[in-house]
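Comments concern the structure below.
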Amino acid sequence: MFPIFVEHSGGNDVCESPEQLTAVLQKTVDGENEFLLSQDSEVLIPFVSLLVTGEYGYKWYLPYEESAGIQAYGEDIGLDPEGSTIFHINNTEEMYIPNSYVNQKETAIQIVLDLVLQDSWPNCYEDMPESAEWEEL
């Protein structure tokens with residue numbers, strides 16, 4: 001489970017506890033950040049991606065190289081269900097995420113914690129944590 005390696009816009013961190021990981025996932029640069037979490041500093045896959053903009057978060061998980069990934073549905077937080085929220089990757093690229101996959105930042109962080117704190121990271125959609133509804137891409 002630990003350590004968890006986190007790459008993000010503000011640098012790299014190695015987290016040894018849930019509290020450390022939560023603190024790292026709170027970091028933003030101008031209200032945004034892109035987090036990539038992995039179990040190995042040399043091997044990125046599997047990894048979890050958490051994009052944050054303002055008070056919103058988006059989660060995506062890549063269990064193995066050939067996968068298209070698994071994303072978590074969002075909650076009803078008052079965003080236009082037909083609209084999208086702009087997140088940034090690589091500090092510059094705009095990524096338009098449908099609002100049906102957007103959570104409050106705190107909820108998104110908790111879902112990521114539920115995923116990475118499992119005894120082993122899931123290899124398939126059926127093993128994803130029940131704290132969110134998941135969609136296999």
>> I need the minimum non-hydrogen distance between G74 and N103, along with the two atoms involved.
In response: CA-OD1, 3.5 Å

>> Starting from V48, can I reach L44 by hopping between I/L/V/M/F/W/Y residues whose side chains sit under 4.5 Å apart?
In response: no

>> A side-chain contact here means heavy atoms from C-beta on lying under 4.5 Å apart; do I109 and L50 qualify?
In response: yes

>> With side chain to side chain contact (heavy atoms under 4.5 Å, CB included) as the criterion, how do Q71 and Y58 come out once you've worked through the C-alpha distance, each side chain's angles and the decisive distance to 0.1 Å?
In response: CA-CA 8 Å; Q71 63 186 353; Y58 166 72; 2.6 Å; yes

>> What's the separation between atom CD1 in I45 and atom OG in S38, rounded to the nearest 0.5 Å?
In response: 10.0 Å

>> For D80, I'd like to know if atom CG has over 12 heavy atoms of other residues, nucleotides or ligands within 6.0 Å.
In response: yes

> Going by atom types alone, do E75 and T107 pair a side-chain donor with an acceptor below 3.5 Å?
Replying inline: yes

>> Looking at every heavy atom in both Q39 and P46, which two are closest together, and how far apart are they?
In response: OE1-CG, 3.9 Å

> Which pair of heavy atoms, one from V102 and one from I77, lies closest together, and at what distance?
Replying inline: O-CD1, 3.9 Å

>> With a 4.5 Å cut-off on side-chain heavy atoms, are Y125 and P63 touching?
In response: no

> Nearest 0.5 Å, what's the CD-OG1 distance between E94 and T53?
Replying inline: 10.0 Å

>> Surrounding CG of N90 (heavy atoms of other residues, nucleotides or ligands, distance under 6.0 Å), is the total greater than 12?
In response: yes

> Going by the angle between their ring planes, with limits at 30° and 60°, are Y101 and Y73 parallel, tilted or perpendicular?
Replying inline: parallel

> Which pairs pass side chain to side chain donor-acceptor pair (under 3.5 Å) with one or both residues in residues 13-26, sequence neighbours excluded?
Replying inline: H8-D13, D13-K27, S17-E19, Q26-E106

> Step by step, would you call T28 with N33 a side chain to side chain donor-acceptor pair (under 3.5 Å)?
Replying inline: CA-CA 5 Å; T28 60; N33 213 333; over 6 Å; no

> Is the shortest heavy-atom distance from the side chain of P129 to the side chain of W134 under 4.5 Å?
Replying inline: yes

> Can you tell if the side chain of F35 reaches within under 4.5 Å of the side chain of V112, non-hydrogen atoms only?
Replying inline: no

> Hey, any chance M128 and L117 share a hydrophobic cluster, counting ILVMFWY side chains that come within less than 4.5 Å of each other, even indirectly?
Replying inline: yes

>> Quick check for you: to the nearest 0.5 Å, what is the distance between N123 atom CG and D127 atom CG?
In response: 7.0 Å

> Rounded to the nearest 0.5 Å, how far does OG of S49 lie from CG of L62?
Replying inline: 10.0 Å

> Passes side chain to side chain contact (heavy atoms under 4.5 Å, CB included), V24 versus I4? Steps please.
Replying inline: CA-CA 11 Å; V24 168; I4 294 176; over 6 Å; no

> What distance do M95 atom CE and H88 atom NE2 have between them, rounded to the nearest 0.5 Å?
Replying inline: 12.0 Å

>> Starting from F2, can I reach L36 by hopping between I/L/V/M/F/W/Y residues whose side chains sit under 4.5 Å apart?
In response: no

>> With side chain to side chain contact (heavy atoms under 4.5 Å, CB included) as the criterion, how do L51 and W60 come out once you've worked through the C-alpha distance, each side chain's angles and the decisive distance to 0.1 Å?
In response: CA-CA 9 Å; L51 301 179; W60 180 76; over 6 Å; no

> How close do A132 and A72 get, heavy atom to heavy atom, and via which atoms?
Replying inline: CB-CB, 4.0 Å

>> My understanding is that only residues two or more places apart in sequence, or in another chain, count here; which of them pass side-chain contact (heavy atoms from CB on, under 4.5 Å) with S100?
In response: P98

>> Nearest 0.5 angstrom please: I111 CD1 to Q104 CD, how far?
In response: 11.0 Å

> If we only count heavy atoms from C-beta on, is the W121 to L115 side-chain gap below 4.5 Å?
Replying inline: no

> Under the 3.5 angstrom rule, does the side chain of N99 hit a backbone N or O of E82 as a donor-acceptor pair?
Replying inline: no

> Do E34 and S9 get their side chains close enough for a donor-acceptor pair, meaning under 3.5 Å?
Replying inline: no

> What about Y61 and F87, same hydrophobic cluster or not, with Ile/Leu/Val/Met/Phe/Trp/Tyr joined at side-chain heavy-atom distances under 4.5 Å?
Replying inline: no

> In the hydrophobic clustering (ILVMFWY, side-chain contacts below 4.5 Å, transitive), which residues join Y96, or is it alone?
Replying inline: I86

> So do L79 and Y56 actually touch side chain to side chain, heavy atoms under 4.5 Å?
Replying inline: yes

